[in-house]
Structures are given as C-alpha cells and as structure tokens.
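Notes for the one structure printed next.
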Amino acid sequence: MKERMLITGGNALEGEVRVSGGKNTAVAVIPAMLLSSEPCTIENLPDIEDVHALVDILRSLGAKVTYVPGEFLTVDPRPAEGYEVSYRDSQRLRASYYLIGALLGRCGKARVASPGGCEIGSRPIDQHLKGFMSLGAEAEERGGMINARCDSLTGGDVFFDMVTVGATINVMLAAAKAKGTTIIYNAAKEPHIVDLANFLNSMGAKIKGAGTDVIRIRGQQSLHGCTYAVIPDQIETGTLMIAAAATRGDVIIRGCIPQHMEALTAKLLEMGVKVSDSDDAIRVRTLGAHRAVNVKTQVYPGFPTDLQQPMSALLTTAHGTSIVTETIFEQRFKHLDEIRRMGARVRVVGRMAIIEGVPQLYGAPVTTTDLRAGAALVVAGLMAKGVTEIYEPEYIDRGYEHIEQKLRALGADIQRETI
Ligand code: EPZ
C-alpha cells in the first residue's frame, strides 16, 4: 500500500526528544552476532526497516531469534547452517553485504546477492573483496551474486585505496575469527566502527585501534555470548538538530553523544544558530537570521555525507549563497531537484551545489529518492509555508525510528496517510 506524508510547515519545534540507537551501528552489529558460539543480546536497536530486514535474514539462515522491537534482540546462532542470502532479502538494505564478512568468519563461505539500499552513486564493493582476498579468501561478484569462500581465513595486511566504512567493517567481521593478526591501514574512523569493535571485544575478540586509521585484529578461534547496547544515532541526532534550527525552534535532544556532532555543531554555530551541550544532550535554538555557509562532506570527523542532504535543505533559506561540496557519493543531490519545486534557488555543478538563500519555501508535492533525501524533504516541509506532500516516505522508515511521532511531540504538524 502506497503512502504519503503531509506536513504543514511553520511550527517552531519546541521541547525535548530522545535519540534512538544508531542505524549504521545496528546494521553492523546484527550480522556480527553470527560470529558468536553462544547467544548474544543487543539492546537499544532502532525500530527501523533495516533492522527488521536483517532480523529476517538471520532467521532465514537458521539462527534462533527472539526480537522485541524497541526492547532487545537475542540471537542464538548455533542452529544457523545457511550461508546464502537471496536477492530479495539482500535488496532490502545496503548493509546486507556485512553478511559476507560475518559468514566468512563463521563458516568460511558466503553467497550474498549484490546489495540494495539508497541510490546515491555507483557504490562499488571492490575494496571489500580485496580485503577478503588479503585474508586468503576467494571473493568475486558475478551475475548479481557475491561469492566468497576459503579453507581457512588467515590474518593479513589490508590497505584500502580510499577510506571506506563498509569495507572496514566487513574486514573487521571476517578477521575477528581469522588465524593470526590482521592490520587494516587507511581504516574508517566513524563512531560505528568503534562501536562494532566494542561489541566484538565484548564477545572476546581482540581489536585495537578502532577510531584511528590503523586497526589491529588478533583473530580468535571462538567468540562468546554477551549483552550489548548500541550507541545513539549520530545522523538522527544531526537531523533533529537541523530540524530544530530550520523551524527556528528550541529543542533539547537527549541521549546523544555531543562529541560525535562536532562538525555539524561548528557549521550551525557559523550560521548563527545557538548550540549548547552537556554530557548526553544538545540544545539547539535560533534567535536571529541564518547566515549562508560552505559545507564539504568528509570522512569522520569531517562533515558527514549523511547530513549533507538535510543540511542543504536548511541552507535554502539562509541569508546569502552557500556552496555544498559532496566528496563521498556522486549522486547525493537528488533531493535538491525536489526542494527546487518548493521555491529553492539551487544550481548543481558536478559535485557542488550552489544554494542561493530565499526568504521562504512553499509547500509542494515532492518525492523521496533515498533515506537522507527523505530527511531533507521533511526539514524543507517543516520550514515551508503551506502543505508539503512527501511521496514514497517508506525510504525514511529505513533509518529513522518513529519520525512522525517524535516530530509531532515537538509540535510539528505531520501525518501519514495511505493513498
Ligand atoms: C556507509 O556506506 C553508510 N552505510 C552510509 O550511510 C554512509 O553514507 C557511508 O558509509 C559514508 O559514511 C551503512 O553504514 C550501511 P563507504 P558505505 O564504503 O559503507 C567508495 C545512510 O544514509 N567505495 O564509506 O557504502 C564509495 O563509492 C547511508 O545511512 C569504493 O569505491 O560507504 C564511496 O565513494 C547511505 N569501493 C566511498 O568509497 C568500495 O569497495 C565511501 O563509501 C567501497 C567504497
């Protein structure tokens, strides 16, 4: 059944909101449960589509799964004999490729259909395959399937050609149970890499250096069960900060990690937004006009590509001209075509968006093309005059837990209806 979201803009968001568990951590930690020889429990998982898809995949592989959305996920991987993830299941999310590293580590073989996920660029997986091969596996992508196998995984040196979150995670998963030590050079440093390392270490893995660009993994023969809670979602926190600024509201975001938000906080301050933080909360409010700023996406701790889309929505009404440069994914400006329909003045030149601030956006029918494009349209809808109809809001459900309820509790006029 098709749905659409309806937002009547103009309400300033006010009050307090709690951040959910991190999507990009959850999608790495759930496949990692397959590496254990005992049941594991994960708490603080966000109740989102990507998590539901992975839970279904673990079940299809034969694992014994108890899942209470919003509470916990317990997985006993011992009965899991499967090593194949179907096209239909892999297409449900990008992170289905983490099953390759996890299954290689678990049973030395994996057959996973090429992943789905958001259309934001070409998204090759050559570095993942190269990493597996550095550990002694055969790995290839052919006919829409990724096949990987090995007699025994052996630790090795892995040099990535570029900083890649996905390949760093995938190699960590495979290497946790390889014989000997793996060293990943030019590793990604995102908070979810550190969280995955912490989870694997709670299972008895020996991983050092996560959060730096060299990660050392001493493989273990077997990993044990544990209970673990994932970190709060960095991108949901950022999206809520941007939404608060966009509506000239006053919002306290609780349960977040302010240190993960430094790149965004710096940009919001530069725009003239007031941002203050304490141990696990951030307050965002706007008193005067927003100034235009330039934003360039970078790997952590730079400005995250996942916040570029909501941020560029916010900049459409800032005073002056902003230049947004997207360095990670080449097709991550599709949301701007939609926001242009709402009155934004934007020109995209290659990997650069030149945004000339206008005084006001106006509600219009728009269509979501990917998860964060959806978040950007929600931000635009919240600040526009009149009603914004957002088609294909299901993309947003992949990564934001109960977004309408959270925004409504802050005073937004937002609903969803079937069409
Ligand atoms: C992860 O994608 C996230 N996805 C993305 O989040 C996020 O935007 C991205 O990291 C960057 O932070 C998940 O965690 C599931 P990469 P991933 O490997 O792993 C190139 C969201 O909205 N590359 O760091 O796919 C690649 O094309 C999503 O939550 C290769 O060339 O990103 C890109 O230009 C979307 N070959 C760059 O590296 C490879 O083998 C970084 O990609 C791998 C990557």
Side-chain angles (χ1 to χ4, degrees), residues 20-32 46 48-51 53-54 90 92-101 114-134 139-141 146 148 158-173 184 186-196 213 230-231 233-239 260 263-264 297-311 325-332 334-335 351 368-376 395-401:
S20 303
K23 173 195 99 123
N24 287 344
T25 300
V27 297
V29 160
I30 297 172
I48 54 172
E49 259 318 295
D50 272 17
V51 166
L54 278 170
S90 323
R92 288 177 67 187
L93 77 167
R94 180 77 191 159
S96 52
Y97 55 30
Y98 294 146
L99 271 312
I100 310 167
S114 299
C118 292
E119 296 294 331
I120 52 180
S122 58
R123 307 189 81 178
I125 58 156
D126 56 302
Q127 301 299 305
H128 301 236
L129 303 185
K130 183 173 100 167
F132 299 140
M133 289 191 275
S134 303
E140 60 166 9
E141 188 173 16
I146 301 149
V158 179
F159 294 86
F160 287 130
D161 297 345
M162 76 281 297
V163 178
T164 142
V165 172
T168 302
I169 288 178
N170 236 338
V171 170
M172 283 167 70
L173 291 169
I184 304 177
N186 202 19
K189 296 185 273 206
E190 268 63 6
H192 37 290
I193 306 264
V194 179
D195 208 32
L196 173 66
D213 52 14
V230 300
I231 53 168
D233 197 300
Q234 177 202 16
I235 307 303
E236 187 200 11
T237 305
T239 306
H260 293 168
L264 174 64
T297 62
Q298 278 166 342
V299 295
Y300 189 81
F303 194 95
T305 171
D306 293 348
L307 287 176
Q308 176 268 107
Q309 291 161 294
M311 183 68 176
T325 310
E326 173 56 63
T327 69
I328 315 282
F329 293 110
E330 68 268 24
Q331 285 173 34
R332 224 170 185 183
K334 291 184 191 160
H335 61 294
R351 287 188 173 234
T368 298
T369 51
D370 61 78
L371 165 61
R372 308 299 171 190
Y395 278 107
I396 304 171
D397 304 331
R398 282 187 176 170
Y400 290 92
E401 178 177 77

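This is a predicted model, so every value here is computed, not measured. Counting starts at 1 for both ligands and their atoms, following the listed order.
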Plane angle bin for Tyr97 and His128 - parallel if under 30°, tilted between 30 and 60°, otherwise perpendicular: tilted
Short question: side chain of Glu190, backbone of Tyr300 - any donor-acceptor pair under 3.5 Å? yes
Please confirm whether Pro124 comes under 4.0 Å of ligand 1, counting heavy atoms of the residue only. yes
Quick check on contacts: which atoms of ligand 1 are under 4.0 angstrom from a heavy atom of Gln127? 36 (N), 39 (C), 40 (O)
Heavy-atom proximity to atom 22 (O) of ligand 1, picking from Gln309, Arg372, Glu190, Lys23, points to Arg372
Are the side chain of Arg398 and the backbone N or O of Glu49 linked by a donor-acceptor pair below 3.5 Å? no
Can you confirm, on distance only, whether ligand 1 has an N/O atom lying under 3.5 Å from any N/O atom belonging to His192? no
Any side-chain donor paired with an acceptor under 3.5 Å for Thr239 and Tyr400? yes
Please identify which atoms of ligand 1 are closer than 4.0 Å to at least one heavy atom of Thr305. 8 (O), 11 (C)
Winner among Ala375, Gly374, Gly166 once heavy atoms are compared against atom 19 (O) of ligand 1: Gly166
Can you give me the closest heavy-atom contact between Asp397 and Ile48, atom names plus distance? O-CB, 3.5 Å
Heavy-atom contact check, 4.0 Å cutoff: does Arg332 meet ligand 1? yes
Check each heavy atom of Tyr300 against ligand 1 and say whether those closer than 4.0 Å belong to the side chain, the backbone, both or neither. neither
Is Ile328 close to ligand 1, meaning an N/O of one under 3.5 Å from an N/O of the other? yes
Looking just at side-chain N and O atoms, do Glu326 and Thr297 make a donor-acceptor pair shorter than 3.5 Å? yes
Going by the closest heavy atom to atom 28 (C) of ligand 1, which one wins out of Leu371, Ile169, Asp306? Asp306
Do Asp161 and Gln127 get their side chains close enough for a donor-acceptor pair, meaning under 3.5 Å? yes
Could you see which bit of Val165 sits under 4.0 Å from ligand 1, with heavy atoms only: side chain, backbone, both or neither? both
Ligand 1 atoms in contact with Ile125 (distance to a heavy atom under 4.0 Å): 39 (C), 40 (O)
Between atom CG of Asp370 and atom OH of Tyr395, what is the distance when rounded to the nearest 0.5 Å? 7.5 Å
Nearest non-hydrogen contact with atom 3 (C) of ligand 1 belongs to which option: Asn24, Val163, Leu129? Asn24
Can you list the ligand 1 atoms lying under 4.0 Å from a non-hydrogen atom of Tyr97? 17 (P), 19 (O), 25 (O)
Quick one: which ligand 1 atoms are inside 4.0 Å of a heavy atom on His128? 40 (O)
Can you measure from NZ (Lys130) to CD1 (Ile125) and round to the nearest 0.5 angstrom? 14.0 Å
Donor + acceptor pair across side chains of Gln309, Arg332 (<3.5 Å): yes
